[in-house]
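Because only heavy atoms are used, hydrogens play no part in the values below, and waters and symmetry mates are left out as well, while side chains stay in. None of the values given here were measured: they were computed from a predicted structure.
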Amino acid sequence: MACYCRDRLSFILSLFFFIYVIMTATLVRPGEGNFTIVIIVLVRSTTYADQRITGPAMDIAVQKIRDKYPALGDFKVITWDDDFLSTCDGLEANVVSKAAGLYFAKLDTKHPISAFIGTTCTFGNLRFLDPLYYWNIPLLEGSSIPSFIADRNRYPMIVGYSYTQRRAGEFFYQVVKMFGWTDVAALYDVNDPVWRAMYTAMDYLKEKREEKDEKKLIRFEEVTLRLANRKAAEISADIERAVKQAHKTARIFLILANPRTIREIVVRAHILGYGSGDHVFIAGDYFKTKNYFGLPDWAQGTVAEQQQAREAFRSLFLVKQRVPVTPEFEEFSSLVQEGAIRKFNQSIPPYDEVNTHAIGFHDAIYSYGEVLNEAIQEGQNIFDGRSMIKRFTNRTFSGIRGNFTLDSDNNLKGQFELWNFHNRSGEFVKVVDFPETAVKAEIVSEIEWASGQSYPPPNTPFCWFLDNNPACRDHTLEYVIGAVVVGLACTGFLAFLAVIYSERRRHRKLEQTDLKWWDVQAEEVSMVEKTPADDSTPVTSVYRLETISLLPISASIITEEALIQLKKLRSIHYEKILRILGLCLDRNVMLTEYCARGSLYNFVRSGTGDGSLLHGWIFRFSIMSDLIEGLNFLHHSWFHHHGRLKSTSCYLTFRFVLKIGDYCLQSLTPAQTLDLKNSIWSAPEILRGNSSVFSVSGQKAADIYSLAVIFSEVCLFGDPFLRSGFDSDTAGDN
């Protein structure tokens, strides 16, 4: 029970505290001096918006509104001076936590925070804006507003007093469109957060690329540099890579980089041969500062290097922000210089200037004083940031730059100019103006183009971006080759025809020779070396220095069927088939490869190797295996079958490899009588004259019968059907 009461009491106290906070935050406090302005800008940094430049400008504005609007009373101004403010990364990491602590610390005092001024860092603002929305406090920014923050539906609590990156991108596009260019490449340092923020200006060009009109950008190539925290050699190599990459797709380069990098890009392009007048380099150089902006200087290095840079600069244009040229600005600039010395004991050096950021922060505080004075006079709650923001919308104020207007998004758009390098004077001159209220940029003075012409270079060079236009190739060699070809064609046409005629005759002769490959002349066959002992032993002879066998044929005229078989025989090469080398019709013989051991019939009856390995079963199985392989080949080839398989048509080489012969051209070989000696290998159905055996399957079956009879001979090493008193040689008589 005690625990329950304690929890309930805690809940009630928390609820009362929450209501108190809400009432305190929204309480209307019109009166004098009961608010605090917090200034958050970079301190001891190397940026263009460092406190030594913007701080004195804001001090001037604070003093002005104290003097001009007494109703504001003795309000408080807090300026941060922390070590983390030396870089944008440090500011981004710490701004929310410190601002939250300060906000809640001042919430229930007599001087709550009414506005923040700053922060000059894009990504610091991005992290800061959501807490400001819940605290209901506006942020007055004297630096640029990137495209992704300019959306007031998403970020309603910021007011911009310098320029928007979208307006800068619009000016880049105006320049590109003005001169009829449609292909551009944008180069920027992706490693530096400043240039990443500046690059959001290119979002406008990307939008135009997507528009469906004839004048849109048809190509926008993004080329990233990685220069921050790298060695000089690495920087030079990366710049050369980026320039070459951009050159492949465009001749118009948009550059967002510091003056040193701009100079090196332009000079490197000139060295690579890209500075002949067909390239244009447009660099963002919004104001003068040592590390980020400022006029690139060609007059550096040796005399030769200066001359080279000066020639390269003829293709360079600079996009700059308009700086007031009025007595009021000159006086303001002097006061800022004096304030920098007095407050920071540091003067603004020649390579920096009192830039538009100093003007922006001055005008932010000065216009905020005007809005505060109105709200107090009208009794409005000055701590209701959303209501106070509305007082800036579409309103014209007076400041160092003169009269300026904040648009419907509470942004000052900015005014830009394009400056052109004049080679004679070695100086940049303003040639294009784009005022804040203008819709279209205008040329205000003559432009000196690097080509020396009075008109800009074309978007696409004559030889195209990759120099692959066929019209740009040197055709001299082609003309010479063409003339030679025509001359040779006139004199060589008849020779060509003669060659064709000769080739056709040769091919015809080769075809005839190929068709009669089998025809062997009698004089090509040597005298008979050995007379056979019997009919089953081939005659041995020599043909083309090769020992061959001669088998008798019964016809001297080749039938059409035999010619067809002879044509196919040339492609038959199988080690278990007796190779036919040709026919000699003059001698009525067939030439076959030589088999030293003679026929299988004679071998199994000769008694050779009695008691030796030749009568062993391994040898017998080898003979039978060769016979099976040869017959299998015939059955699966265009022969389909053998038809007259006997041991007398099987031959043994010197190495006892069996080869099957007498498998074709049977119309040329002598007919054999069906006596008992020849019929023992024939299947019974053949002997009976059964017509079914003449089918392919029947003939194959008959071959298998013959195969079995030969197996019997091999196994018994003698006559088949061996039994007492049986002799195949005398079987006919018995």
Side-chain angles (χ1 to χ4, degrees), residues 35-62 65 75-103 106 113-133 135-146 149-150 155-165 193-194 197 289 292 336 339 343-344 355-369 371-372 385 388-389 392 399 406 410-412:
F35 63 91
T36 299
I37 298 175
V38 180
I39 297 174
I40 309 173
V41 293
L42 294 175
V43 180
R44 296 177 294 278
S45 72
T46 58
T47 66
Y48 42 82
D50 186 76
Q51 195 180 50
R52 63 188 170 83
I53 297 176
T54 59
M58 289 185 284
D59 291 342
I60 294 171
V62 169
I65 63 175
F75 58 87
K76 304 297 182 182
V77 178
I78 297 177
T79 302
W80 289 5
D81 189 20
D82 298 87
D83 291 337
F84 65 77
L85 293 174
S86 61
T87 64
C88 279
D89 289 339
L91 186 147
E92 179 185 353
N94 295 278
V95 63
V96 174
S97 59
K98 177 160 183 177
L102 184 61
Y103 167 72
K106 302 289 287 184
I113 299 173
S114 63
F116 285 94
I117 311 296
T119 65
T120 73
C121 294
T122 296
F123 298 101
N125 286 343
L126 189 63
R127 178 167 292 192
F128 196 25
L129 286 173
D130 283 335
L132 290 177
Y133 178 81
W135 298 341
N136 199 18
I137 299 177
L139 175 67
L140 311 182
E141 175 60 89
S143 186
S144 63
I145 302 296
I149 291 181
Y155 301 108
M157 302 306 292
I158 187 171
V159 182
Y161 285 89
S162 181
Y163 67 95
T164 63
Q165 294 294 347
V194 172
T289 186
Y292 287 97
V336 171
K343 187 173 183 179
F344 302 101
N355 54 52
T356 54
H357 290 78
I359 298 173
F361 281 106
H362 170 278
D363 291 350
I365 292 179
Y366 189 70
S367 62
Y368 183 57
V371 169
L372 279 173
M388 293 292 289
I389 282 285
F392 295 93
L406 299 179
N410 298 326
N411 285 324
L412 178 66

Chemist: Kindly indicate whether the side chain of V95, heavy atoms from C-beta on, has any atom under 4.5 Å from the side chain of W80.
Modeler: yes

Chemist: How about L85 and I40: do any of their side-chain heavy atoms sit closer than 4.5 Å?
Modeler: yes

Chemist: Shortest non-hydrogen contact from E92 to R127?
Modeler: O-CD, 3.2 Å

Chemist: In Å and rounded to the nearest 0.5 Å, what is the CD1 to CD1 distance from I78 to I113?
Modeler: 6.5 Å

Chemist: Please find the pair of heavy atoms, one from I389 and one from P138, that lie closest to each other, and give the distance.
Modeler: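 It is CD1-CB, 3.7 Å.
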
Chemist: Tell me every residue that passes ring pair (Phe, Tyr, Trp, His ring centres under 6.0 Å) with F116, counting only those two or more places apart in sequence or in another chain.
Modeler: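 Checked F116 against ring pair (Phe, Tyr, Trp, His ring centres under 6.0 Å); matches are F128.
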
Chemist: Is any side-chain heavy atom of L406 less than 4.5 Å from a side-chain heavy atom of Y161?
Modeler: yes

Chemist: Quick one: does N136's side chain get under 4.5 Å of M157's, heavy atoms only?
Modeler: yes

Chemist: With rounding to the nearest 0.5 Å, note down the distance linking CG in L91 to CZ in F123.
Modeler: 13.0 Å

Chemist: Provide the closest heavy-atom pair for S162 versus G142 in the form atom of the first, atom of the second, distance.
Modeler: CB-O, 3.1 Å

Chemist: With I365 as reference, evaluate I60, D59, V77, V62 under the side-chain contact (heavy atoms from CB on, under 4.5 Å) test and give the passing residue.
Modeler: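 Exactly one option meets the side-chain contact (heavy atoms from CB on, under 4.5 Å) with I365, and it is V62.
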
Chemist: Taking all non-hydrogen atoms of both residues, which atom of I37 and which atom of S114 are closest, and how far apart?
Modeler: CG1-OG, 4.3 Å

Chemist: Within this structure, what is the CD1-CD distance for the pair I149 and Q165, rounded to the nearest 0.5 Å?
Modeler: 10.5 Å

Chemist: So F35 and L372, do their side chains get closer than 4.5 Å, heavy atoms only?
Modeler: yes

Chemist: Begin from the C-alpha positions of Y103 and V38 and carry the test side-chain contact (heavy atoms from CB on, under 4.5 Å) through to its verdict.
Modeler: CA-CA 10 Å; Y103 167 72; V38 180; over 6 Å; no

Chemist: Specify the closest pair of heavy atoms between N410 and I158, including all atoms of both residues, with the distance to one decimal.
Modeler: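 Shortest heavy-atom contact: CB-O, 4.1 Å.
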
Chemist: Which pair of heavy atoms, one from T122 and one from P146, lies closest together, and at what distance?
Modeler: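 For T122 and P146, the tightest heavy-atom pair comes out as CG2-CG, 3.2 Å.
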
Chemist: Please examine the side chains of Y368 and I65, heavy atoms only from C-beta on, and report whether any two atoms are closer than 4.5 Å.
Modeler: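 No - every pair of side-chain heavy atoms lies 4.5 Å or more apart.
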
Chemist: Using modelled atom types only, decide if a donor and an acceptor are shared between the side chain of E141 and the backbone of T119 within a distance under 3.5 Å.
Modeler: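 Present.
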
Chemist: Which label fits H357 and Y163: parallel for a plane angle under 30°, tilted from 30 to 60°, or perpendicular past 60°?
Modeler: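 Because their plane-to-plane angle is over 60°, the rings of H357 and Y163 count as perpendicular.
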
Chemist: Would a 4.5 Å heavy-atom cut-off, applied to side chains only, mark F392 and S367 as touching?
Modeler: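 Yes, at least one pair of side-chain atoms sits under 4.5 Å.
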
Chemist: Angle class for the Y366/H362 ring planes (parallel below 30°, perpendicular above 60°, tilted otherwise)?
Modeler: parallel

Chemist: Please report the interatomic distance CG(L132) to CG(N125), rounded to the nearest 0.5 Å.
Modeler: 9.0 Å

Chemist: Got more than 12 heavy atoms from elsewhere within 6.0 Å of CZ, F84?
Modeler: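 Atom CZ in F84 is crowded, with more than 12 foreign heavy atoms closer than 6.0 Å.
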
Chemist: Walk me through it: do Y155 and L126 pass the test side-chain contact (heavy atoms from CB on, under 4.5 Å)?
Modeler: CA-CA 9 Å; Y155 301 108; L126 189 63; 3.2 Å; yes

